[in-house]
Participant: 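The structure's right below; bear with me while I get my questions together.
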Amino acid sequence: MYPVMLSLAGRPVLVVGGGRVALRKVRGLLAEDARVTVVAPAAVPEIEDLAEQGKIVLERRPYRDGEATSYRLVLAAADDREVNRRVFEDGERAGVFVNVADDPELCSFHLPARVVRGPLQVAIASAGRAPFAVRRLRQLLDRRLGEDWAAWADAAGGFRERVLAAPGLAPEAREAIFDRFFRETVDPATLSARVPDDGEMDEWLREAGTGRRTPGPGLVSLVGAGPGAPDLLTLRARERLAAADAIVVDRLAAPALPRDLPPEVEIHDVGKDAGHHPVPQEEIEALLVRLAREGKRVVRLKGGDPFVFGRGGEEVEALEAAGIPWEVVPGVTAGIAGPAAAGIPVTHRREAVALTLVTAHECAKDEDQVPWDLLARQRHGTIVGYMGMATLPRVVERLLAGGMDPATPAAVIERATLPDQRVVRAPLAELPAAVREAGVCPPALFVIGRVAARGTPRERARRS
Ligand code: SAH
């Protein structure tokens with residue numbers, strides 16, 4: 001189906017039928033200033049009234065063969081399907097588009113559901129496949145799109161004319177000023193719009209003319225995306241994302257990216273994942289600096305919390321060195337949210353009074369900076385290991401060598417908070433084998449300590 005919006009003002013349109021459905025079509029056509037003729041042996045009083053007021057022509061008689069051919073568009077809603085069929089066939093022969101109400105076979109075009117706000121229209125269609133879904137979507141949008149959008153659309157139209165008439169604006173400058181109009185007046189999260197006042201619009205135009213929109217480098221926000229589930233983003237993270245000109249996103253953070261971002265935002269997927277660094281760290285840092293120097297509001301979206309094993313500290317150093325302003329928006333770190341999603345509290349009175357967040361990656365190196373032997377002796381602590389799937393057997397070996405009880409409860413949480421989250425539980429000594437057997441892949445965390453025995457059976461059942 002190919003969507004079009006027809007201009008019907010002054011154009012002849014035929015409506016066949018004089019019942020309630022025909023009346024609805026007539027009203028819709030009159031709203032567009034079409035020249036409407038109704039052909040029907042009998043018509044409801046409202047159609048009669050419209051004819052009497054001279055708003056339509058009413059022919060009180062049956063449809064005549066070939067009649068459809070002298071109109072631009074025909075809507076048929078006769079109660080006799082044979083009549084509707086003749087109208088449709090006449091239309092097909094003469095190349096006139098015909099729609100028969102509730103009879104897709106006899107239609108050369110369909111009428112979408114729509115939400116109208118002044119000059120703005122959102123049309124919804126499903127190629128006739130799921131009218132029920134279309135109706136509900138329409139209701140949804142009708143409720144979400146407030147009446148302000150009508151005045152907003154008028155203001156947007158007026159503003160565009162002024163921008164086009166302004167001398168000396170390059171096409172990119174125009175786009176930038178349209179972006180600004182949209183950003184300053186539309187809240188993508190709530191789908192609400194406000195009408196800017198004349199003073200504001202004057203200022204946007206003036207600033208575009210003098211190129212003052214981008215004074216100095218933009219701000220880089222290092223934003224924590226949380227462990228993956230999009231509703232674990234913080235409100236501040238959402239706010240920064242909605243206002244961003246450019247978003248630089250890691251693979252771990254990608255699932256949390258909201259779907260309702262403004263269409264003009266630039267998204268750079270640097271696809272960093274455990275074990276793979278498709279875009280080298282220095283290039284990511286250079287990209288952040290470049291985008292900021294273009295005057296953009298940049299969001300560096302990182303999995304979990306930006307300052308927990310996320311190289312956030314290094315990125316800040318690079319920004320500092322380049323003189324770029326930056327801020328951090330903390331996120332929900334996977335090391336705490338992951339166990340929680342498996343029903344494991346990382347601290348618990350008497351059982352665990354200390355929590356160690358550790359990168360197990362280190363264990364692969366000759367000079368491991370982690371004092372595993374000290375951790376092994378902590379009877380009332382919890383160890384949460386990030387990036388530990390490859391090195392888990394060595395970690396367990398070191399802990400056992402340090403004197404940790406082989407029966408210490410332990411668990412691994414894979415893809416925590418995502419729809420396909422999995423939890424594997426085993427005593428410490430058996431954890432590597434259990435993980436291998438289950439085929440656990442990154443991202444995954446391990447939890448070692450008495451609290452790892454916790455987690456309600458209900459939680460486990462719901463997740464598995
Ligand atoms: N800054 C992030 C951690 C980045 S290091 C944070 O604060 O969470 C990457 C490691 O985090 C992965 O190897 C894995 O151990 C852990 N991780 C991140 N998201 C995870 C998730 N949804 N489920 C399990 N582990 C996760």
Side-chain angles (χ1 to χ4, degrees), residues 221-234 236-237 248-257 270-279 281 284-285 299-316 328-344 346 355-365 369-370 382-396 410-425 431-432 434-435 438-448 452 455 459-460 463-464:
S221 304
L222 271 79
V223 175
D231 52 352
L232 287 173
L233 274 176
T234 65
R236 194 180 297 175
V248 179
V249 60
D250 278 349
R251 180 112 38 108
L252 272 181
L257 207 57
V270 291
K272 219 161 79 175
D273 198 2
H276 311 274
H277 291 237
V279 178
Q281 186 64 26
I284 296 175
E285 287 161 14
V299 166
R300 170 72 175 116
L301 190 67
K302 303 174 73 68
D305 181 279
F307 278 178
V308 178
F309 305 129
R311 304 186 78 168
E314 286 166 59
E315 288 172 18
V316 163
V328 185
V329 177
V332 176
T333 187
I336 295 175
I344 299 172
V346 287
L355 167 65
T356 305
L357 300 181
V358 63
T359 164
H361 205 54
E362 286 292 305
C363 206
K365 300 181 184 159
Q369 297 173 319
V370 182
T382 305
I383 306 169
V384 171
Y386 293 69
M387 297 177 279
M389 285 311 102
T391 52
L392 185 62
R394 286 199 57 189
V395 167
V396 170
V412 160
I413 304 123
E414 179 191 40
R415 297 181 65 75
T417 77
L418 292 164
D420 48 355
Q421 164 178 316
R422 286 200 299 167
V423 181
V424 174
R425 290 165 198 269
L431 190 64
V435 162
V440 173
C441 295
L445 293 148
F446 60 74
V447 188
I448 298 168
E459 177 67 18
R460 268 176 262 167
R463 290 294 186 178
S464 57

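Values reported hereafter were calculated over all heavy atoms of this structure, with side chains retained and with hydrogens, waters and symmetry mates removed. What you see is a predicted model, and the numbers here were worked out from it, not measured in a lab. Note that ligands are numbered from 1 as they come in the structure, with each ligand's atoms numbered from 1 the same way.
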Participant: Looking only at non-hydrogen atoms, find the nearest pair between Ala360 and Val395 and report the distance.
Facilitator: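 So the two residues come closest at CB-CG2, 4.0 Å.
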Participant: At under 4.0 Å between heavy atoms, is it the side chain or the backbone of Thr417 that contacts ligand 1, or both, or neither?
Facilitator: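 The answer is neither.
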Participant: With respect to Gly388, determine whether any N or O atom, backbone or side chain, lies less than 3.5 Å from an N or O atom of ligand 1.
Facilitator: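 The answer is no, given that Gly388 and ligand 1 share no N or O pair closer than 3.5 Å.
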Participant: Give a yes/no verdict on whether any heavy atom in Pro442 is under 4.0 Å from an atom of ligand 1.
Facilitator: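 Not so, Pro442 does not reach ligand 1.
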Participant: Does Thr382 have any side-chain hydrogen bond (donor to acceptor under 3.5 Å, both in side chains) partners at least two apart in sequence or in another chain, and if so, which?
Facilitator: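 side-chain hydrogen bond (donor to acceptor under 3.5 Å, both in side chains) check on Thr382 returns nothing, list empty.
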Participant: Exactly one of Val447, Val346, Ile448 should register a side-chain contact (heavy atoms from CB on, under 4.5 Å) with Ile383. Which one does?
Facilitator: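 Output: one option passes, namely Ile448.
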Participant: Are side-chain heavy atoms of Cys441 and Met389 found at a separation under 4.5 Å?
Facilitator: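 The answer is no; the side chains never approach within 4.5 Å.
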Participant: State whether the shortest distance between N or O atoms of Asp305 and N or O atoms of ligand 1 falls below 3.5 angstrom.
Facilitator: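 Yes.
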Participant: Out of Ala342, Ala334, Gly310, Gly385, who is nearest to atom 26 (C) of ligand 1 when you count heavy atoms only?
Facilitator: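 Among Ala342, Ala334, Gly310, Gly385, the closest heavy atom to atom 26 (C) of ligand 1 belongs to Ala334.
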Participant: Tell me, do Arg311 and Asp250 make a side-chain contact under 4.5 Å, heavy atoms counted?
Facilitator: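 Arg311 does not reach Asp250 side chain to side chain.
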Participant: Could you list the atoms of ligand 1 found under 4.0 angstrom from a heavy atom of Phe309?
Facilitator: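 This gives 4 (C), 5 (S) as the contact atoms.
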Participant: Determine, using heavy atoms of Lys302 and all atoms of ligand 1, whether some pair is separated by less than 4.0 Å.
Facilitator: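 The answer is no, since Lys302 has no heavy atom less than 4.0 Å from ligand 1.
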Participant: Rounded to the nearest 0.5 Å, how far apart are CZ of Arg415 and CG of Leu252?
Facilitator: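 If we round to the nearest 0.5 Å, Arg415:CZ and Leu252:CG are 9.0 Å apart.
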Participant: To the nearest 0.5 angstrom, please state how far the CZ atom of Phe309 sits from the NZ atom of Lys302.
Facilitator: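 That separation rounds to 13.5 Å.
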Participant: Is it the side chain (CB and beyond), the backbone, both or neither of Gln421 that lies under 4.0 Å from ligand 1, heavy atoms counted?
Facilitator: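 Neither; nothing of Gln421 gets under 4.0 Å from ligand 1.
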Participant: Determine, using heavy atoms of Gly338 and all atoms of ligand 1, whether some pair is separated by less than 4.0 Å.
Facilitator: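 In this structure, Gly338 fails to qualify as a contact of ligand 1 - no heavy atom is under 4.0 Å.
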Participant: Should you measure from each heavy atom of Ile413, which atoms of ligand 1 turn up under 4.0 Å away?
Facilitator: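 Near Ile413, meaning under 4.0 Å from one of its heavy atoms, ligand 1 has 24 (C).
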Participant: Nearest non-hydrogen contact with atom 1 (N) of ligand 1 belongs to which option: Val440, Val308, Val332?
Facilitator: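 Looking at heavy atoms only, Val308 sits closest to atom 1 (N) of ligand 1.
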Participant: Is it the side chain, the backbone, both or neither of Ala444 that has a heavy atom closer than 4.0 Å to ligand 1?
Facilitator: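 Ala444 to ligand 1: backbone contact only, side chain stays beyond 4.0 Å.
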Participant: Which of the numbered atoms in ligand 1 are below 4.0 angstrom from a heavy atom of Thr333?
Facilitator: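 Listed by number with element: 6 (C), 7 (O), 8 (O).
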Participant: If the condition is side-chain contact (heavy atoms from CB on, under 4.5 Å), which residues does Val332 pass it with, not counting sequence neighbours?
Facilitator: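 Per chain and number, Val332 pairs via side-chain contact (heavy atoms from CB on, under 4.5 Å) with Pro227, Ala337.
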Participant: Is any side-chain heavy atom of Val396 less than 4.5 Å from a side-chain heavy atom of Phe446?
Facilitator: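 A side-chain contact under 4.5 Å is absent here.
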